[in-house]
Amino acid sequence: MTLDEIIKKRRSIRSFQPTPVASEDLLAICEAARLAPSACNSQTWRFVAVTDSDTIKRLCNEAMRPVIPNRWLAQAPLVIIGCSQLDMVANRIGSRISGIEYYQIDLGIAMEHMVLKATELGLGTCWIGWFSEDRVKEILGIPKKIKVSAMLTIGYPKETPLKRQSRKTINKILFSEKWGQLFVVRT
Ligand SMILES: Cc1cc2nc3c(=O)[nH]c(=O)nc-3n(C[C@H](O)[C@H](O)[C@H](O)COP(=O)(O)O)c2cc1C
């Protein structure tokens, strides 16, 4: 598959077959994250790969927030917890000066590398951001100083996902040279 095909194929998948994800696939997915760029090459991302179904059920039952309880999570064969171990230079001094939380950008890039690699391997994924960080830390024994910002469910899709969720047109998200100025293709 080309990168373009992978990007177009990817959808958020919220129902999975019970088939486990092979260890070599999990490693290939994590290798894709390992090669991601990061501010000052700080590589602050850390991942916890959870495959134990009781632990996944606990995450689902005890760590999701109300209104969007993400019930489907309980059936996922693999959940990757996206964590950050903040470093002194980029993430404490640098972030204080610039006001930019580099570790969040770094983790997002690394985890989207995971998503794209998983898609290439025929696996489905869905990001989860609606959870209680404290509850996740308690369940998985993650130290207080570690930041948990995202989860990713991974597994073989149960059904072919429906059509793509709508997207804004390019004119709404891309400006040219200055804010608000329409991008025009030059010929
Ligand atoms: C940071 C982030 C957090 C998300 N959190 C959730 C979530 O808690 N539950 C959920 O069902 N989907 C979640 N999603 C998936 C989005 O709803 C989904 O990407 C969006 O609707 C576009 O659909 P698509 O991924 O199929 O293109 C999240 C996505 C991102 C990037």
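Just so you know, these numbers use all the heavy atoms, side chains as well, and skip hydrogens, waters and symmetry mates. Just follow the structure's listing: the first ligand is 1, and inside any ligand the first atom is 1.
Following chains of ILVMFWY side-chain contacts shorter than 4.5 Å, one can reach Trp72 starting from Leu59, so the two form part of one hydrophobic cluster. Leu152 and Val21 fall within a single hydrophobic cluster, where Ile, Leu, Val, Met, Phe, Trp and Tyr side chains are chained together by heavy-atom contacts under 4.5 Å. In this structure, Ile139 is not a member of the same hydrophobic cluster as Ile80, with clusters built from ILVMFWY side-chain heavy atoms closer than 4.5 Å. The hydrophobic cluster containing Met111 does not contain Leu86, counting ILVMFWY residues as joined when their side-chain heavy atoms lie under 4.5 angstrom apart, directly or transitively.
For Glu120, the CD atom counts as densely surrounded, since its 6.0 Å shell holds more than 12 non-hydrogen atoms of other residues, nucleotides or ligands. Within a 6.0 Å radius of NZ in Lys158, no more than 12 heavy atoms belonging to other residues, nucleotides or ligands are found.
Looking at Met151, Arg167, Arg14 and measuring to atom 12 (N) of ligand 1, the nearest heavy atom belongs to Arg14.
Here is the list of ligand 1 atoms found below 4.0 Å of a heavy atom in Gly129: 3 (C), 4 (C), 5 (N), 6 (C), 7 (C), 8 (O). Near Ile128, meaning under 4.0 Å from any of its heavy atoms, are these atoms of ligand 1: 5 (N), 6 (C), 7 (C), 8 (O). The atoms of ligand 1 that sit less than 4.0 Å from any heavy atom of Trp130 are 8 (O). Residue-ligand proximity, Asn70 to ligand 1, at heavy-atom distances under 4.0 Å covers atoms 7 (C), 8 (O), 9 (N), 10 (C), 11 (O).
With respect to Asp4 and Lys8, a salt bridge is recorded, a charged nitrogen being found less than 4.0 Å from a carboxylate O.
Ligand 1 has no atom lying under 4.0 Å from any heavy atom of Met64. For the ligand labelled ligand 1, residue Phe131 lies outside the 4.0 Å heavy-atom shell.
Ranking the protein heavy atoms by distance from atom 21 (O) of ligand 1 puts Gln165 OE1, 4.0 Å first. Of all protein heavy atoms, the one closest to atom 18 (C) of ligand 1 is Ser12 OG, 3.4 Å. For atom 30 (C) of ligand 1, the nearest non-hydrogen atom of the protein is Trp127 CB, 3.5 Å.
With 3.5 Å as the limit, one finds a donor-acceptor pair spanning the side chains of Ser149 and Gln104. Gln85 and Trp45 are not linked by any side-chain donor-acceptor pair at a separation below 3.5 angstrom, with hydrogens and angles left out of the test.
Note: no N/O pair closer than 3.5 Å links Arg164 and ligand 1 by distance alone.
With a heavy-atom cut-off of 4.0 Å, Cys126 touches ligand 1 through its side chain alone.
Distance screen at 4.0 Å: atom 4 (C) of ligand 1 has a protein heavy-atom neighbour inside the cut-off.
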